[in-house]
Participant: 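The structure that follows is given in the form of structure tokens.
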Amino acid sequence: MARAPRIHVAADFTVGGDVVLPEGAARHLARVLRMGEGAPVRLFDGQGREASAVLIESGRKRVVARIEAVEAGIGESPLCVHLGQAISKGDRMDYAIQKAVELGVAAITPLYTEHGDVRLKEEREAKKLAHWQAVAVSACEQCGRATVPPVHPPMALADWLDERDEALRLVLHPATDRALARETVPPSVALLIGPEGGLSSIEVDAAQAADFSLLSLGPRILRTETAPVVALSLLQYRFGDL
């Protein structure tokens with residue numbers, strides 16, 4: 001039996017209540033999947049709650065689901081990781097966000113760095129931010145998370161470093177041989193990933209001054225979109241739920 005589609009709906013879930021599905025999801029269910037009245041769906045509110053529902057209306061312009069049961073989501077990692085990801089071009093940034101969400105990250109901040117080649121002006125930055133948040137939502141729909149991690153507005157690396165108070169702070173740096181040495185599970189983690197050209201020596205020094213420890217992922221230099229996948233997998237295996 002096929003798994004019921006999971007859809008993010010920013011709404012209050014009440015058993016017996018009706019929810020009008022967002023336009024994109026409604027179009028996908030009605031026109032692509034051709035799901036009619038009585039078809040089951042799973043809804044999640046992005047704040048940790050999930051609902052079983054059935055379609056009671058499935059038209060070209062409007063799709064409505066009725067809530068049958070509400071429960072807490074079960075897809076969250078016990079490890080709270082805030083990812084600072086240097087902004088990269090196009091699909092590479094989308095990939096990094098998508099995989100970070102699948103691997104349980106709690107929050108993501110896109111960063112402007114010295115060697116980064118992306119600079120977004122206000123209107124374009126707002127559009128990119130909305131797009132990246134949609135990538136995070138889509139990843140949650142796929143991987144079973146009921147809490148959508150926020151993608152914060154892009155900021156300068158120095159400003160992000162100033163805000164950090166996580167118990168464990170790590171910056172990936174290929175010029176070190178330091179592995180993950182901590183034994184006790186940290187209550188929170190900040191993970192910094194540089195751009196394709198790497199962080200500058202001044203930025204690495206600034207990270208260390210902000211209590212970031214250098215971390216190596218082995219002898220090969222990973223692409224900026226590959227690095228968070230490997231680092232988050234390592235952290236989840238060591239301290240989380242992998």
Side-chain angles (χ1 to χ4, degrees), residues 77 79-120 125 128-129 131-132 135-136 139 143 149 151-152 154-164 166-183 186 188-242:
S77 169
L79 184 66
C80 181
V81 182
H82 188 142
L83 172 65
Q85 175 73 41
I87 301 173
S88 53
K89 289 183 177 178
D91 292 345
R92 290 184 295 172
M93 191 66 179
D94 290 2
Y95 181 90
I97 292 171
Q98 179 190 69
K99 300 310 173 188
V101 172
E102 290 178 22
L103 286 163
V105 75
I108 301 168
T109 300
L111 298 175
Y112 295 117
T113 58
E114 186 176 329
H115 294 161
D117 55 1
V118 177
R119 294 291 184 272
L120 302 171
E125 183 179 274
K128 271 293 185 182
L129 181 59
H131 170 76
W132 290 330
V135 170
C143 74
V151 180
H152 296 295
M155 62 193 308
L157 172 57
D159 295 332
W160 186 77
L161 292 175
D162 285 342
E163 293 182 356
R164 305 281 44 88
E166 288 81 6
L168 177 61
R169 304 169 205 174
L170 301 169
V171 52
L172 296 194
H173 191 53
T176 183
D177 59 359
R178 299 180 195 177
L180 190 58
R182 184 181 176 120
E183 296 297 333
S188 57
V189 180
L191 176 64
L192 172 58
I193 308 290
E196 198 70 32
L199 295 170
S200 70
S201 58
I202 292 175
E203 289 172 328
V204 173
D205 290 344
Q208 290 184 284
D211 294 327
F212 276 71
S213 298
L214 301 182
L215 175 65
S216 170
L217 296 179
R220 291 166 294 280
I221 296 176
L222 303 180
R223 294 178 68 96
T224 185
E225 71 271 26
T226 307
V229 177
V230 177
L232 288 167
S233 297
L234 175 64
L235 287 168
Q236 292 290 7
Y237 179 76
R238 187 72 173 273
F239 303 124
D241 54 5
L242 285 186

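All residue numbers refer to positions in the sequence shown, counting from 1.
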Participant: Nearest heavy-atom pair of Gly104 and Ser77: which atoms, and what distance?
Facilitator: O-CB, 4.1 Å

Participant: Any side-chain heavy atom of Tyr112 sitting closer than 4.5 Å to one from Leu157?
Facilitator: no

Participant: Take atom CZ of Arg119 as the centre, draw a 6.0 Å sphere, and report whether it contains more than 12 heavy atoms from other residues, nucleotides or ligands.
Facilitator: yes

Participant: Trp160: what forms a ring pair (Phe, Tyr, Trp, His ring centres under 6.0 Å) with it, not counting sequence neighbours?
Facilitator: His82, Phe212

Participant: Would Lys128 and Glu125 pass as an ion pair if we require N to O under 4.0 Å?
Facilitator: no

Participant: Is there a side-chain contact between Leu120 and Leu129 in this structure, where contact means two heavy atoms from C-beta onward sitting under 4.5 Å apart?
Facilitator: no

Participant: Find out whether Arg238 and Leu79 are in side-chain contact, i.e. whether some heavy atom of one side chain is under 4.5 Å from a heavy atom of the other.
Facilitator: no

Participant: Gln85 side chain to Thr224 main-chain N or O, any donor-acceptor pair under 3.5 Å?
Facilitator: yes

Participant: Got a second to check how far Ile108's CD1 is from Trp132's CH2, nearest 0.5 Å?
Facilitator: 10.5 Å

Participant: CD of Glu196 to NE2 of His115: how many Å apart, nearest 0.5 Å?
Facilitator: 13.0 Å

Participant: Where do Ser88 and Val118 come nearest, in terms of heavy atoms and distance?
Facilitator: C-CG2, 3.9 Å

Participant: Quick one: OG on Ser201 to CD on Glu114, what's the gap to the nearest 0.5 Å?
Facilitator: 7.5 Å

Participant: Could you check if a side-chain atom of Leu215 sits within less than 4.5 angstrom of a side-chain atom of Val171, using non-hydrogen atoms only?
Facilitator: no

Participant: Is any side-chain heavy atom of Leu235 closer than 4.5 Å to a side-chain heavy atom of Leu103?
Facilitator: no

Participant: If only atom types and distance count, is the side chain of Ser213 paired as donor or acceptor with the main-chain N or O of Leu170 below 3.5 Å?
Facilitator: no

Participant: What are the two closest non-hydrogen atoms of Ala227 and Ile193, and how far apart are they?
Facilitator: CB-CG2, 3.9 Å

Participant: Provide the closest heavy-atom pair for Val101 versus Pro149 in the form atom of the first, atom of the second, distance.
Facilitator: CG2-CG, 3.7 Å

Participant: Taking all non-hydrogen atoms of both residues, which atom of Ala86 and which atom of Met93 are closest, and how far apart?
Facilitator: O-SD, 3.8 Å

Participant: Do Leu199 and Leu192 have side chains that get closer than 4.5 Å, going by heavy atoms?
Facilitator: yes

Participant: Is the number of heavy atoms from other residues, nucleotides or ligands within 6.0 Å of CG (Leu242) greater than 12?
Facilitator: yes

Participant: Among all residues two or more places apart in sequence or in another chain, which pass the salt bridge (Lys or Arg N to Asp or Glu O under 4.0 Å) test with Asp211?
Facilitator: Arg169

Participant: Closest approach of Leu111 and Ala156, non-hydrogen atoms and distance?
Facilitator: CD2-O, 4.5 Å

